[in-house]
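Working notes for the structure below.
Each ligand, and each atom within it, is numbered from 1 in the order the structure gives. Computed from a prediction, not measured in an experiment: that's the story for all the values here.
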Amino acid sequence: MTGFDLIIHGGHVVTPAGVLAIDIGVKGGKIAAIGQLYPDQGNDAIDATGLFVLPGIIDTQVHFREPGATHKEDLHTGTRAAVLGGVTSVFEMPNTNPLTLTAADLQAKFDLAKGRAWCDHAFFIGGAAENADKLHELERIPGCAGVKVFMGSSTGNLLVEDDPTLERIVRNGTRRMAVHAEDEPRLKERKHIADEAAHPRAHPVWRDETVCLKATQRVVGLARKYGRRVHVLHVTTAEEMEFLAQNKDIVTVEVTPNHLTLVAPDCYEKLGTRAQMNPPVREQRHQNGLWRAIAEGVVDVVGSDHAPHTLEEKAKTYPASPSGMPGVQTTLPLLLTAAYHGKLSLERVVDLLCHGPQRIYQIAGKGRIARGYDADFALVDLQAWRELKDEEMGSKVGWTPFAGSRVCGVPKVTIVRGNVVMRDGELIGKPIGQPVRFAETFSPSS
Ligand code: DOR
């Protein structure tokens, strides 16, 4: 009997019930059956023998630079890098040029993504003084991931440095709000440290622990006052994790592979400004705190904070050099390699990269291998070890801070809503990415 568009058979499937040796039937872009199936039941079949079948990765923090800085990245190249890394959905950040502050700005991004994005996508609306009173409506536009606030200045000029403006933003919305928590007044006070050092090893000294803790405490205080759920992005300090653990009823937490893998001061000596990002990569004691928070369940999500800059831009003398590094393609193998080394389980990798994003952002029909969900998958070979190489990166900037690292679990096949879009490092077919749907913003007919 046929009846399915695609059968994935023979793999170890990571389901909510654990890792099972079962088959998956796909129909109309959705998971239609899970159980024992036969290849001839589908118009097409993928033999996943020896592979692990994971839900497609949902990367909830990427910067794809379009519009405004397409010499670094665009929606086509950013999503190309994504599917090369097993990522089937991305949430893109609003610090583009122009900033994403209005309904028209959001629509412009959806239009630019149409026919050019390899994976599904959502866009954040930036929270700022000029749109604070309209955020309640803006965050409900279908395909909008919610509001993102920068409390400390980074790439671009999206910034909310004072509490009265922050309070207006927190008050004017109900969806979970994503925050870059660095305290701008303290950053300004201490900038001389970076200027005098003229070397990126001073980056975590300038943007110190207190910069982060202070901002996180400010935003969580306001969140509690208004009962607003907040998501603190790229948490870097052991102290914040202690504080966040006391506030888990209202707060969710992201860490990045960069902060889990690179360590100060070595990374700055070895990689120079390539390792420069905001908030900074810190010393071992903080990294230990992040891993502890993963083990204790304080961390909900790993996001890449894919923030590409060209090597020419990175070659400027610190602190004129821009902050950020590419990462959307390397998150999954880095975490699977950490799992191999016993830092976390395979199930926890999937929890952080798939279930966590779905849960905190209320994504409709993604992030689990379950009947009725979108047929988004990453098929990985955990036995195959590879060296990460700059020239294999799909990002326009063509480099990775992890070049030379040996990893397992580089994805072999990526599937977006039943369409195979990547196999063995080659893109297949056309960019068929669509806006991500959210349970909180369904229109009556959707
Ligand atoms: O290092 C960073 N780079 N941190 C951010 O928050 C922004 C990002 C960028 O857009 O380059």
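Residues lining ligand 1 at a heavy-atom distance below 4.0 Å are given as His63, Arg65, Asn95, Phe150, Ser154, Thr155, His180, His234, Met277, Asn278, Asp305, Ala307, His309, Ser323, Gly324, ordered by chain and residue number.
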Show every donor-acceptor pair shorter than 3.5 Å between a side-chain atom in residues 333-340 and any protein atom, with sequence neighbours excluded, or say none if there are none.
unit_1: Thr337; atom_1: OG1; unit_2: Pro333; atom_2: O; d: 2.6
unit_1: Thr337; atom_1: OG1; unit_2: Cys408; atom_2: N; d: 3.0
unit_1: Thr337; atom_1: OG1; unit_2: Cys408; atom_2: O; d: 3.4

Atom pairs and distances, donor-acceptor, side-chain atoms in residues 419-428, under 3.5 Å, two or more places apart:
unit_1: Asn419; atom_1: ND2; unit_2: Val416; atom_2: O; d: 3.0
unit_1: Asn419; atom_1: ND2; unit_2: Arg417; atom_2: O; d: 3.3
unit_1: Asp424; atom_1: OD1; unit_2: Lys412; atom_2: NZ; d: 3.0

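The environment of CD in Gln383 is sparse: at most 12 heavy-atom neighbours from other residues, nucleotides or ligands sit within 6.0 Å. Dense packing is recorded around NZ of Lys248, with more than 12 heavy atoms of other residues, nucleotides or ligands lying under 6.0 Å away.
Ring orientation note: the planes of Phe150 and His63 are tilted relative to one another, at an angle of 30° to 60°.
Judged as a ring pair (Phe, Tyr, Trp, His ring centres under 6.0 Å), not a single pair has a partner in residues 241-288 (not counting sequence neighbours).
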